[in-house]
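These figures come from a predicted structure and were not determined experimentally.
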Amino acid sequence: MKSKTSQKLILALVGMPGAGKTEASSYLQKKGIPFVRFGQITEDEVARLGLKPTQENERFAREKIRKEEGMGAYAVRAKPKIDELLNTNGVLVIDGLYSWEEYTLLKKEFPELLLIHIYGEPQKRYERLLKRPIRRLPEGELRLRDIAELEKLNKGGPIAIADYLIENNSDDINYLYKKLDSLLGRLGIKNGWFK
């Protein structure tokens, strides 16, 4: 693949809960790549509504935003931040792109958008989710959350057509980091190109 150093590039991380999207975006941020976290939009809405930051209130806020503003609402709300970061950076990461509508809206605005599917087997993802210090769900609700995200957030489309797949079933976080470094190399993204 030819080097992308003359272009802008957006890497949108997609995948099911517990796959490692947040860990991947944190690692890329440590390498100097800025990121937009769609989850921040939910947290801001929960705070704006004067609600406590719980799983139930976050779900309520997510569904409220999309019901009132459409399934592409998060992309619309995030676009000014994306524009701002692309003005000064060659590469940008989006953590939390969910819906097909978000993808199609952003792809139209930013043809350089690539989808990176972080994949974890369900049992491995559930193990991770049960160990999370925050936003932890009871074991019986993990599968239900997967189904709800697929049915109510149109999450399957971006996952299904992802440009790249990173399998993340190892308990060693360095395994994920090596896979990310390998993908950056394949894309021609080198240290120092981020700005």
- line: Distance col, row Ile82:CD1 vs Leu106:CG, nearest 0.5 angstrom, shows 5.0 Å

message: I need the single residue from Val14, Leu183, Ile94 that forms a side chain to side chain contact (heavy atoms under 4.5 Å, CB included) with Ile116. Which is it?
response: Leu183

field: Side-chain donor or acceptor of Ser25 paired with backbone N/O of Asp95 under 3.5 Å
entry: no

Nearest heavy atoms of Leu105 and Gly72, plus distance in Å: CD1-O, 4.3 Å

- request: Rounded to the nearest 0.5 Å, what's the gap from NZ on Lys131 to CG on Leu129? Could you check?
  value: 11.0 Å

message: Between Arg48 and Glu45, does any side-chain N to carboxylate O distance fall below 4.0 Å?
response: yes

- request: Anything under 30° is parallel, anything over 60° is perpendicular, the rest tilted; go ahead and classify His117 against Tyr119.
  value: perpendicular

Whether over 12 other heavy atoms sit under 6.0 Å from Lys152 NZ: no

query: Does Ile173 reach the side chain of Tyr27, with side-chain heavy atoms less than 4.5 Å apart?
result: no

task: Side-chain contact test, heavy atoms from C-beta onward, threshold under 4.5 Å: evaluate it for Met71 versus Tyr98 and give yes or no.
output: no

message: Would you say that Glu141 contacts Gln55 through its side chain, given a criterion of any heavy-atom pair below 4.5 Å between the two side chains?
response: no

query: Is a side-chain N or O of Ser26 found less than 3.5 angstrom from the main chain of Thr22, in a donor-acceptor match?
result: yes

- prompt: Sub-3.5 Å donor-acceptor pair from the side chain of Asn57 to the main-chain atoms of Lys52, do we have one?
  reply: yes

message: Check this for me, if you would: do Arg125 and Asp146 make a salt bridge, where the nitrogen-to-carboxylate-oxygen distance has to be below 4.0 angstrom?
response: yes

field: Step-by-step side chain to side chain donor-acceptor pair (under 3.5 Å) determination, Glu101 to Tyr74
entry: CA-CA 9 Å; Glu101 293 81 357; Tyr74 278 66; over 6 Å; no

- prompt: Minimum heavy-atom separation for Leu113 to Asp163, with atom names?
  reply: O-OD2, 4.3 Å

query: Quick one: does Glu109's side chain get under 4.5 Å of Asp83's, heavy atoms only?
result: no

field: Closest non-hydrogen atom pair between Gly20 and Leu176, with its separation
entry: O-CD2, 4.0 Å

- request: Using atom types as modelled and distance alone, determine if a side-chain donor or acceptor of Asn168 lies under 3.5 Å from a backbone N or O of Ala19.
  value: yes

message: Check this for me: does any side-chain nitrogen of one of Glu149 and Lys155 sit under 4.0 Å from a carboxylate oxygen of the other?
response: yes

- prompt: In Å, rounded to the nearest 0.5 Å, how long is the span from CZ of Phe60 to CG of Leu49?
  reply: 6.0 Å

- prompt: Would you find a donor on one side and an acceptor on the other, under 3.5 Å apart, between the side chain of Lys8 and the backbone of Asn89?
  reply: yes

field: Residue pair Leu187 / Tyr164, side-chain heavy-atom distance below 4.5 Å
entry: yes

- prompt: Taking all atoms of both residues into account, what is the closest heavy-atom pair of Val46 and Ala61, and its distance?
  reply: CG2-CB, 3.7 Å

- line: Separation between CE (Met16) and CD (Glu121), nearest 0.5 Å, reads 14.5 Å

- request: Can you establish whether the number of heavy atoms outside Lys107 located under 6.0 Å from its atom NZ is more than 12?
  value: yes

- prompt: CZ/Arg62 to CD/Glu43 distance, rounded to the nearest 0.5 angstrom?
  reply: 10.0 Å

query: Under the side-chain contact (heavy atoms from CB on, under 4.5 Å) criterion, do Phe35 and Leu13 qualify, and how do the steps go?
result: CA-CA 10 Å; Phe35 78 105; Leu13 305 178; over 6 Å; no

- prompt: Is any side-chain heavy atom of Ile118 less than 4.5 Å from a side-chain heavy atom of Glu23?
  reply: no

message: Assess whether a salt bridge exists between Glu102 and Arg66, defined as any Lys/Arg side-chain N lying under 4.0 Å from an Asp/Glu carboxylate O.
response: yes

message: With a 4.5 Å cut-off on side-chain heavy atoms, are Leu184 and Lys31 touching?
response: yes

